[in-house]
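Each chain gets a letter, A, B and so on, in the order its sequence line appears, and its residues count up from 1.
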Number of protein chains: 2
Amino acid sequence: MAKVDTSLVAHLPLFAGVTPEALDEILREARSARYPKNSAIFEQGADAQSFFLLLHGHVRAAKTTPTGEQIVVRYVAPGETFGLAMAIGAARYPATAIAVDDSVVLIWPTSAWPRLVERFPSLAANTLQAVGTRLQESHTRILEMSTQQVEQRVAHALLRLAKQSGKKLDQGIEIDFPISRQDIAQMTGTTLHTVSRILSGWESQGLVESGRQRIILRDPHGIVVLAERSADSGAV
Amino acid sequence: MAKVDTSLVAHLPLFAGVTPEALDEILREARSARYPKNSAIFEQGADAQSFFLLLHGHVRAAKTTPTGEQIVVRYVAPGETFGLAMAIGAARYPATAIAVDDSVVLIWPTSAWPRLVERFPSLAANTLQAVGTRLQESHTRILEMSTQQVEQRVAHALLRLAKQSGKKLDQGIEIDFPISRQDIAQMTGTTLHTVSRILSGWESQGLVESGRQRIILRDPHGIVVLAERSADSGAV
DNA sequence: CTCGCAGTTTGCGATAGCGCAAAACGGGAC
DNA sequence: GTCCCGTTTTGCGCTATCGCAAACTGCGAG
């Protein structure tokens with residue numbers, strides 16, 4: 001019952017240093033599932049019964065305060081894992097995961113993790129690397145929020161999204177999943193109003209083209225100028 | 001040449017699931033060093049030649065922008081590791097580490113890490129746990145910076161410091177290492193002026209006692225009231 | 001083709017907190 | 001005991017950004 005073709009995932013960093021046979025064994029413990037656009041994959045606070053590997057689509061991880069404010073923790077791109085609560089010894093998910101596009105994921109039961117890392121220590125090392133990278137990114141984000149103004153933060157956020165999930169078009173680079181002003185606000189610690197104003201400004205300068213949940217960084221102007229702006233206060 | 005007594009570190013989470021013999025072998029690869037107050041242990045951008053375990057003292061990790069602004073990434077408490085650049089596959093330190101008190105550390109060469117994790121997979125798992133926890137804390141910090149006002153953030157920061165490194169006194173809980181207004185500002189994304197104003201306010205309300213690089217949360221009022229304030233906007 | 005609504009734009013007043021400047025303070029060095 | 005310097009306090013004007021409110025728009029459902 002090899003539901004998943006190993007060749008689809010063998011090249012992922014997560015499985016670096018894992019033999020084909022081992023990979024086969026690892027995949028045998030997983031099942032796959034499809035989540036339609038805008039459906040929840042797991043909710044913050046729920047029992048962390050599974051962890052996930054995104055195969056297709058895009059997933060937004062968001063954290064909510066008791067008073068209802070949200071922030072976007074990250075967007076998950078294909079090939080990345082998410083929902084690794086067990087890796088930090090947490091019994092519950094610290095955030096909510098929503099498919100922002102029709103998405104396909106591999107799902108392992110959390111209970112399988114200890115056995116897997118014991119049999120395949122590379123998994124732990126590879127996961128450590130991924131989590132460490134995310135920690136770095138978090139620190140960069142904190143640095144930005146502390147030292148830069150909103151416009152620079154938005155510029156940097158868009159550039160990162162374009163890099164992570166950009167689709168090359170004739171006019172420029174389009175962010176390859178639906179994203180609202182509100183989402184960007186929640187990534188940069190501001191309000192959708194301010195984001196809207198900033199994007200309007202850029203649009204009238206010909207730096208971006210944007211519409212309903214859709215943003216294109218115009219090449220070359222947009223990308224170059226935004227990079228300058230995001231660097232003005234010395235983002236890394 | 002067992003420089004380090006295993007009994008001093010055997011109980012640390014980092015070494016959970018490591019046999020005494022293995023621990024002995026691990027420690028044989030380390031050397032210890034003492035850093036006087038205010039000395040740099042490593043600088044941001046330098047080659048990550050070593051990673052560290054803090055035995056005594058306190059260390060501040062700070063990140064600097066090209067324009068010179070700094071933020072405090074974290075304070076390292078005894079028993080914690082720092083400088084794990086290799087864990088994220090970075091060749092250079094992403095932050096600067098300064099001893100804020102006379103400090104004693106164990107030092108391993110970065111080059112020893114791959115061999116250590118191969119021989120002792122628990123190390124990777126334990127480190128993953130630690131890094132994962134720090135990632136969580138980073139996310140909480142981002143959430144706070146996005147949704148709370150400065151006073152709440154400062155309240156929460158002090159409570160965390162008190163919990164991590166608080167020394168019980170008759171009057172209350174003292175943060176057990178020198179910390180300036182500027183440091184707190186750099187932890188909470190504000191300016192030393194604002195921190196000073198806030199602390200002055202709290203002092204006149206009898207919630208804290210503070211002086212030069214010294215802060216005491218007065219028990220019970222200070223701790224209780226600050227906890228309320230930090231929770232007002234729903235911090236986790 | 002039309003309607004309805006989620007998402008977006010825009011205006012405007014309010015304000016938290018910054019930035020600068022200057023004075024006060026206190027601990028350590030000698 | 002005195003001096004000096006790093007830290008802290010405090011005042012004040014300024015502005016980036018919020019928060020609310022209202023109008024607009026384009027997509028998708030039917």
Pairs involving residues 189-199 of chain B, ordered by first then second residue, that meet salt bridge (Lys or Arg N to Asp or Glu O under 4.0 Å) (sequence neighbours left out): none
Kindly write out the residues that satisfy side chain to side chain contact (heavy atoms under 4.5 Å, CB included) with [X], not counting sequence neighbours, or none if the list is empty.
X: Ala99(A); answer: Tyr35(A), Ser39(A), Ile41(A), Ser103(A)
X: Leu169(A); answer: Lys167(A), Gln171(A), Glu174(A), Ile216(A)
X: Ser210(A); answer: Arg181(A), Glu203(A), Ile215(A)
X: Ala185(A); answer: Thr190(A), Val195(A)

Are Gln49(B) and Thr110(B) linked by a side-chain donor-acceptor pair shorter than 3.5 Å? no
How does each nucleotide of nucleotides 16-27 of chain D score, in 5' to 3' order, for protein heavy atoms under 4.0 Å: base (B), sugar-phosphate only (S), or none (-)? -SSBBB---BBS
Starting at CZ of Arg214(B) and ending at P of dT8(D), how long is that distance when rounded to a whole Å? 12 Å
Output every pair passing side-chain hydrogen bond (donor to acceptor under 3.5 Å, both in side chains) with a member in residues 72-95 of chain B, not counting sequence neighbours, ordered by first then second residue. Arg74(B)-Glu80(B)
Using ring-ring contact (aromatic ring centres under 6.0 Å, His included) as the criterion, list what pairs up with His139(A), not counting sequence neighbours. none
According to side-chain hydrogen bond (donor to acceptor under 3.5 Å, both in side chains), who are the partners of Asp102(B), at least two apart in sequence or on a separate chain? Arg34(B)
For Ser180(B), what residues pass the side-chain hydrogen bond (donor to acceptor under 3.5 Å, both in side chains) criterion, not counting sequence neighbours? Asp183(B)
Counted 5' to 3', the first and last nucleotides of DNA chain C within 4.0 Å (strictly under) of a heavy-atom of chain A are dA6(C) to dC12(C)
Taking five pairs at each end, how big is the angle between the two axes of the helix from dC1(C)-dG30(D) to dC30(C)-dG1(D), to 10°? 50°
